[in-house]
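Every chain is numbered from 1, with letters handed out A, B, ... down the list of sequences.
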Protein chains: 2
Amino acid sequence: MARSRSLKPGRPAYQQIADELRASIRSGELGDGDRLPSETELIETFGVARMTVRAALQVLQHEGLAVAEHGRGVFVRHRRPFRRRSVQRLSRAQWGSGRAMWEADTAEDRTVSATIEVTRERAADDIADRLRVPPGTDVVVRRRLHSVDGQPLQLSAAHLPAEIAVGTPIAEPDTGPGGTYARLEELGYPLEGFVEEVQARMPSPDEARLLALPTGVPVITIVRVAHTSDRPVEVNEIVVNSDLYVLEYQIRP
Amino acid sequence: MARSRSLKPGRPAYQQIADELRASIRSGELGDGDRLPSETELIETFGVARMTVRAALQVLQHEGLAVAEHGRGVFVRHRRPFRRRSVQRLSRAQWGSGRAMWEADTAEDRTVSATIEVTRERAADDIADRLRVPPGTDVVVRRRLHSVDGQPLQLSAAHLPAEIAVGTPIAEPDTGPGGTYARLEELGYPLEGFVEEVQARMPSPDEARLLALPTGVPVITIVRVAHTSDRPVEVNEIVVNSDLYVLEYQIRP
DNA sequence: GAGTGGTCTAGACCACTAT
DNA sequence: TAGTGGTCTAGACCACTCT
């Protein structure tokens with residue numbers, strides 16, 4: 001960044017400074033992980049007040065292009081989606097084989113971990129609606145936080161009618177080989193298909209904390225409904241760190 | 001919001017103010033479209049400087065919970081996803097029938113419009129890679145901006161090898177009934193399937209402008225590859241307003 | 001004109017990181 | 001200790017909306 005740059009009237013100063021920095025990032029002049037000019041340097045370069053350069057840096061952070069590290073500087077953020085979720089994850093070959101679904105798209109050298117909490121609750125209206133049971137029906141809820149190599153990736157909350165799950169391994173923290181879907185088939189609920197509804201939004205503060213999300217990184221939400229030929233048997237609400245995920249879907253015409 | 005509220009030490013004032021406002025929104029005390037307390041009111045309520053209450057309001061805007069309207073106030077943002085993209089969109093029944101794919105999931109009373117620009121370019125590396133052609137190969141690019149009821153929804157850039165598309169309706173703005181996919185089949189490229197890669201991120205300033213995105217609304221990006229039994233024939237890069245979309249995918253085990 | 005949010009200044013003190 | 005970003009103040013002027 002050259003010394004003493006001029007700003008044109010008409011467009012706010014903080015946006016012009018953000019524009020210049022963004023251009024430096026896009027052009028590759030500032031690469032992944034590089035430190036941006038410090039606030040002090042930007043104040044000298046552009047001849048503006050500190051709050052003005054801070055506003056410019058905030059713009060870049062909220063665009064997901066930069067992250068601030070207290071005491072160290074503001075750095076170009078590097079995306080590294082190291083996981084890919086594909087349709088294959090939900091194939092019977094996967095969970096029928098005794099592998100956890102979770103492992104389906106995980107490279108061998110990754111360390112996968114999860115915390116889990118199983119509770120019994122009354123179904124919220126939207127869950128009951130999707131399960132096609134009366135509002136307030138008892139459900140077993142399996143809440144998990146999945147991490148890979150210590151990096152939190154995904155929150156999930158699987159809801160199953162208590163009538164189906166209670167007294168089975170599905171209501172235990174460890175569902176055994178093949179997981180919930182393998183158990184459902186054993187219990188006489190052969191799965192016919194899944195429907196996933198995908199959306200994106202900014203995280204709540206809680207989600208940002210649990211998933212260790214930097215500023216400017218949205219979450220992808222997935223509502224997956226697993227169903228047999230005559231009824232839905234599970235609703236899984238999933239929230240994923242969009243920075244680390246590429247979802248893959250295959251469609252046949 | 002009661003008058004004169006106290007702030008506790010330890011947590012930054014602007015975050016505590018944001019917390020209170022967020023709680024009011026989540027509880028429903030402030031509903032969709034309601035005006036939040038003005039900056040002046042918040043200054044009096046919490047006894048802080050203006051930049052502090054502004055910081056609190058920015059937090060909510062970047063979370064996608066509120067939108068500021070210059071001269072009017074800051075309002076609770078209301079989500080209204082009025083479109084749903086499902087697997088059915090890509091069924092042969094859809095585009096084989098002469099309906100534009102675009103219409104597949106559009107309710108009858110919507111006004112659909114699009115701008116389109118068709119160009120011939122050298123393929124960028126990632127596009128060439130996905131089309132399995134040498135880098136720099138000539139491609140026909142169909143860039144569109146889709147809107148519904150005047151609201152911009154989606155940007156797309158469909159890339160096809162020039163070898164396939166040149167001299168056909170695919171290189172014209174209007175591809176005719178059933179669109180590009182119907183033409184491809186007529187030209188001897190029967191489609192065997194599609195793969196979609198879905199990610200989410202914050203928009204670039206250009207995307208935010210074109211899609212009329214408020215602060216705090218991410219985009220969903222989709223890279224769709226259409227292929228015949230022996231080669232990919234189209235790569236479509238799609239950027240959608242995540243506020244207006246629910247993607248739906250069906251999966252068979 | 002009164003009220004709203006948008007930009008900007010010139011300071012202050014604090015917390016964190018590096019050396 | 002020097003340099004970095006994080007929070008906060010008490011003003012200023014501007015642009016927009018509504019009545």
- Item | Strand contacts (DNA chain C) in residues 60-72 of chain A, 4.0 angstrom heavy-atom criterion | A/His70, A/Gly71, A/Arg72

Counterpart residues, side-chain hydrogen bond (donor to acceptor under 3.5 Å, both in side chains), relative to [X] (two or more places apart):
{"X": "B/Thr115", "answer": "none"}
{"X": "A/Asp125", "answer": "none"}
{"X": "A/Glu69", "answer": "A/Arg72"}
{"X": "A/Glu39", "answer": "A/Arg50, A/Arg54"}

- Under 4.0 Å from any heavy atom of chain B: name the first and the last nucleotide of DNA chain C that qualifies, 5' to 3'. C/dG3 to C/dC8

- Under 4.0 Å from any atom of DNA chain D, heavy atoms only: list the residues of residues 48-59 of chain A that qualify, in numerical order. A/Arg50, A/Met51, A/Arg54

- With sequence neighbours excluded, residues passing side-chain contact (heavy atoms from CB on, under 4.5 Å) with B/Ala55: B/Tyr14

- Query: Can you name the residues that form a side-chain contact (heavy atoms from CB on, under 4.5 Å) with A/Asp32, not counting sequence neighbours?
  - Reply: A/Val76, A/His78

- Task: Go through the structure and list residues passing salt bridge (charged side-chain N to carboxylate O under 4.0 Å, His left out) with A/Asp19, not counting sequence neighbours.
- Result: A/Arg11, A/Arg22

- Taking salt bridge (charged side-chain N to carboxylate O under 4.0 Å, His left out) as the test, write out the residues that go with A/Arg79, two or more places apart. A/Asp243

- By nearest-heavy-atom nucleotide on DNA chain D, the more 5' of B/Ala13 and A/Glu41 is A/Glu41

- Message: I need the full list of ring pair (Phe, Tyr, Trp, His ring centres under 6.0 Å) pairs touching residues 47-71 of chain B, with sequence neighbours left out, sorted by first then second residue.
- Response: A/His62-B/His62

- Message: Test side-chain hydrogen bond (donor to acceptor under 3.5 Å, both in side chains) on B/Tyr249 and A/Glu197; report intermediate values, then the result.
- Response: CA-CA 7 Å; B/Tyr249 293 99; A/Glu197 286 185 6; over 6 Å; no

